[in-house]
Amino acid sequence: MARQFFVGGNFKMNGTNESITAIVENLNKADLPENVQVVICPPAPYLALAAAKNTQKTVEVGAQNVFTKASGAYTGEIAPQQVLDTGATWTLTGHSERRTIIKESDEFIAEKTKFALDSGLKVILCIGETLEERKSGVTLDVCARQLDAVSAIIKDWKNIVIAYEPVWAIGTGLAATPEDAEETHKGIREHLAKTIGAGQAEAVRILYGGSANGKNAPDFKDKVNVDGFLVGGASLKPEFVDIIKSRS
């Protein structure tokens, strides 16, 4: 099955009106491939700005996080409906920084993913292992556990994109080799086939999210189970366009 190439940009806690406008305008003027789906995720205060400034039909805007309620006394949280109200259409859930720093559980991430989907957002679901887990040889066990929490309450995965992000490769400059990523993505897809069915598992896109940049992105081009990238720091730079074009 041919899966559409997908590139996500997670700006994390970076950006100002000026810098995010510049990033979006750089994408607007770029000759982006029509067959690549792109989602940029600025900090919540800039969602409406990014959505309003974007003129590329292949580019959408997403939040970095959502909550499990539509409204109420939840100071500092953002509801899926509020994300949609800004013009954004996607959200990240389960990013490793929220799993490890905020200590969000697999079950809570699954609940957020379901509520986001039920509210009309599409989801980039992040999974991945720490360096200690990698060294212990339990990478696929960790990914399976994180996925199983979601598949226990979600049966329709058509609006979910998975981002495999080895925690040890995020922001460190380290990166899994294309061969390592392909092996892990293949294992993830095989596990999904057992839990959500072979058809959905074959259709779901699995992104690599560990320090992808303009230089190493083309190295993944022939890896059949690597369907794109979730990009961190490089999404703030002009080389983000190079990553988007890396399959051209």
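The analysis underlying the following values was restricted to heavy atoms, covering all of them including side chains, and did not include hydrogens, waters or symmetry mates. The first residue in the sequence is number 1, and the count goes up from there.
Between Thr89 and Leu84, the shortest heavy-atom distance links the atoms CA-CD2, 4.4 Å. Nearest heavy atoms, Ala201 versus Ala193: CB-N, 3.4 Å. When all heavy atoms of Lys158 and Gln200 are compared, the pair lying nearest together is N-OE1, 4.2 Å. Closest approach of Phe220 to Ala181, counting heavy atoms only: CE2-CB, 3.8 Å. Considering every non-hydrogen atom in both Phe115 and Ala70, the closest pair reads CZ-N, 3.6 Å. Between Ser151 and Ile196, the shortest heavy-atom distance links the atoms CB-CG2, 3.8 Å.
Counting only heavy atoms from C-beta outward, the side chains of His95 and Glu165 approach each other to under 4.5 Å. For the pair Pro80 and Phe67, the minimum side-chain heavy-atom distance is 4.5 Å or more. Residues Leu125 and Ile109 are in side-chain contact: their nearest non-hydrogen atoms beyond the backbone lie under 4.5 Å apart. Between Ile162 and Asp227 there is no side-chain heavy-atom pair separated by less than 4.5 Å. Looking at Arg98 and Gln64, their side chains never come closer than 4.5 Å, going by heavy atoms from C-beta outward. A heavy-atom distance below 4.5 Å is not found between the side chains of Arg99 and Thr130. The shortest distance between side-chain heavy atoms of Ile206 and Asn225 does not fall below 4.5 Å. The closest side-chain heavy-atom distance from Phe108 to Thr68 is below 4.5 Å.
Hydrophobic clustering (side-chain heavy atoms under 4.5 Å, transitive across Ile, Leu, Val, Met, Phe, Trp, Tyr) keeps Val61 apart from Ile124. Follow the hydrophobic side-chain contacts under 4.5 Å out from Val142 and you never reach Val167; the two are in separate clusters. A chain of hydrophobic side-chain contacts below 4.5 Å, direct or via other Ile, Leu, Val, Met, Phe, Trp or Tyr residues, connects Val123 to Ile78. At a threshold of 4.5 Å between side-chain heavy atoms, the hydrophobic network of Ile, Leu, Val, Met, Phe, Trp and Tyr places Val59 and Leu236 in one connected group. When the side chains of ILVMFWY residues are joined at heavy-atom separations under 4.5 Å, either directly or via intervening members, Leu147 and Ile153 end up in a single hydrophobic cluster.
Heavy atoms of other residues, nucleotides or ligands lying less than 6.0 angstrom from CG of Asp156 number more than 12. Summarising the local packing, NZ of Lys114 is surrounded by 12 or fewer heavy atoms from other residues, nucleotides or ligands at distances under 6.0 Å. Within a 6.0 Å radius of NZ in Lys186, other residues, nucleotides and ligands contribute 12 heavy atoms or fewer.
Rounded to the nearest 0.5 angstrom, Phe11 CZ and Ser19 OG are separated by 8.5 Å. Here the CD1 atom belonging to Ile188 is positioned 4.0 Å from the CD1 atom belonging to Ile127, to the nearest 0.5 angstrom. Annotation: the span from Glu97 atom CD to Leu92 atom CG amounts to 10.0 Å, rounded to 0.5 Å. Separating the CD atom in Gln146 from the CG atom in Asp141 is a distance of 11.0 Å, to the nearest 0.5 Å. Between Thr86 atom OG1 and Gln81 atom CD the span is 12.0 Å, to the nearest 0.5 Å. Taking CD1 of Ile23 as the reference point, atom CG of Asn26 lies at 8.5 Å (rounded to 0.5 Å).
Looking at Lys69 and Glu77, no side-chain N of the basic residue comes within less than 4.0 Å of a carboxylate O on the acidic one, giving no salt bridge. Note on Lys215 versus Glu239: no salt bridge recorded, every NZ/NE/NH1/NH2 to OD/OE distance being 4.0 Å or above.
Using modelled atom types, no side-chain atom of Glu129 and backbone atom of Pro166 make a donor-acceptor pair closer than 3.5 Å. No donor-acceptor pair under 3.5 Å is formed between the side chain of Arg3 and the backbone N or O of Ala203. One N or O on the side chain of Gln56 and one on the backbone of Ala30 form a donor-acceptor pair closer than 3.5 Å. A donor-acceptor pair is defined here as one N or O able to donate and one able to accept, closer than 3.5 Å; no such pair exists between the side chain of Asn28 and the backbone of Asn54. Here the side chain of Gln82 pairs a donor or acceptor atom with the backbone of Ala79 at under 3.5 angstrom.
When the ring pair (Phe, Tyr, Trp, His ring centres under 6.0 Å) test is applied to Trp90, the partners found at least two apart in sequence or on another chain are Phe6. Residues forming a ring pair (Phe, Tyr, Trp, His ring centres under 6.0 Å) with Phe240 (at least two apart in sequence, or on another chain): none.
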Kindly list each side-chain donor-acceptor pair under 3.5 angstrom involving residues 32-46, sequence neighbours excluded, with atom names and distances?
from  : atom 1 : to     : atom 2 : distance (Å)
Gln37 : OE1    : Arg205 : NH1    : 2.8
Gln37 : OE1    : Arg205 : NH2    : 3.0
Gln37 : NE2    : Glu60  : OE2    : 3.2

Q. Can Thr139 and Glu133 be said to form a side-chain contact (heavy atoms from CB on, under 4.5 Å), step by step?
A. CA-CA 6 Å; Thr139 292; Glu133 290 166 337; 5.9 Å; no
Q: Evaluate the side-chain contact (heavy atoms from CB on, under 4.5 Å) criterion for residues Glu182 and Thr177: first the C-alpha distance (whole Å), next the side-chain angles of each, then the deciding distance (0.1 Å), finally the verdict.
A: CA-CA 9 Å; Glu182 170 63 19; Thr177 66; over 6 Å; no
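Ring geometry, Tyr208 versus His185: the interplanar angle falls from 30° to 60°, so the pair is classed tilted.
Cys126 pairs in a side chain to side chain contact (heavy atoms under 4.5 Å, CB included) with only one of the listed residues (Val161, Leu207, Asn10, Leu230), which is Leu230.
For the 3.5 Å distance criterion, the side chains of Asn213 and Lys237 fail to qualify, holding no donor opposite an acceptor.
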